[in-house]
Amino acid sequence: MIHIIDKYYYEFDESQYILYECGERNKIDIKTKKPTGELKEYQDCLGYYTSLEGMLNKVIKSWGNSVANAQNIKTISKHIKILSGIRDDVLKATKGF
């Protein structure tokens, strides 16, 4: 897998780009449905894209929305500011592709 930025990675083949979110999360006990206190690695597929640009736009929106939720953003101007900053970070990481 190829690292994009933060917890986002991708793979590709001759026809598509496959976007993943990877990281760690709390392990849940199957019987009790409660966290065990242990961390386990995860890899979630976020989608399949025919263009690198489309995939990077998904990264910007997904990462931006999770940041906005974590910061409890209540106005559109603050949300757009976060998305713009993340877009700049992604473009910097991808050399403006």
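All values reported here derive from a predicted model rather than from experimental measurement.
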Q: From Ile18 CD1 over to Tyr10 OH, what is the distance, rounded to the nearest 0.5 angstrom?
A: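 Here the rounded value is 11.5 Å.
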Q: Passes side chain to side chain donor-acceptor pair (under 3.5 Å), Tyr42 versus Glu24? Steps please.
A: CA-CA 6 Å; Tyr42 72 92; Glu24 291 183 334; over 6 Å; no
Q: Take Gln71 and Val67 through the side chain to side chain contact (heavy atoms under 4.5 Å, CB included) test and state the conclusion after the steps.
A: CA-CA 6 Å; Gln71 294 181 9; Val67 169; 3.5 Å; yes
Q: If you look at every heavy atom in Pro35 and Asn26, which pair is closest and at what distance?
A: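 Minimum heavy-atom separation between Pro35 and Asn26: CB-CB, 4.3 Å.
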Q: Taking it one step at a time, do Glu21 and Cys45 satisfy side chain to side chain contact (heavy atoms under 4.5 Å, CB included)?
A: CA-CA 7 Å; Glu21 179 183 318; Cys45 179; over 6 Å; no
Q: To the nearest 0.5 Å, how far apart are NE2 in His79 and CD1 in Ile73?
A: 8.0 Å
Q: Going by atom types only, do Tyr8 and Ser62 share a side-chain donor-acceptor pair under 3.5 Å?
A: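 Tyr8 vs Ser62: donor-acceptor pair found between side chains.
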Q: What distance do Tyr48 atom OH and Gln16 atom CD have between them, rounded to the nearest 0.5 Å?
A: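 Separation between the atoms: 7.0 Å.
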Q: Have Gln43 and Tyr9 got a donor and an acceptor in their side chains that come within less than 3.5 Å?
A: no
Q: Please round to the nearest 0.5 Å and tell me the distance separating atom CD of Glu38 and atom NZ of Lys27.
A: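 It is 5.0 Å, given to the nearest 0.5 Å.
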Q: Any ion pair linking Asp44 and Lys7 (charged N to carboxylate O, less than 4.0 Å)?
A: no
Q: Using the rule that two of Ile, Leu, Val, Met, Phe, Trp, Tyr join whenever any of their side-chain heavy atoms come within less than 4.5 Å, decide whether Val90 and Leu52 are in one cluster.
A: yes
Q: To the nearest 0.5 Å, how far apart are CG in Asp89 and CD1 in Ile4?
A: 13.5 Å
Q: Would Leu19 and Met55 count as a side chain to side chain contact (heavy atoms under 4.5 Å, CB included) if you check the C-alpha gap in whole Å, the side-chain angles of each, and the deciding distance to 0.1 Å?
A: CA-CA 7 Å; Leu19 179 62; Met55 182 190 69; 3.9 Å; yes
Q: Is there a path from Ile5 to Tyr20 through hydrophobic residues (I, L, V, M, F, W, Y) whose side chains come within less than 4.5 Å of each other?
A: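 Result: no, two separate clusters.
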Q: If I take atom CD1 from residue Ile86 and atom CG from residue Asp6, how far apart are they, to the nearest 0.5 angstrom?
A: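 Going from CD1 on Ile86 over to CG on Asp6, the span is 8.5 Å.
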Q: Take a 6.0 Å sphere around CD1 of Ile2 and say whether it holds more than 12 heavy atoms from other residues, nucleotides or ligands.
A: yes
Q: Does Tyr17 form a side chain to side chain contact (heavy atoms under 4.5 Å, CB included) with Thr50? I'd like the steps, not just the answer.
A: CA-CA 6 Å; Tyr17 298 91; Thr50 57; over 6 Å; no
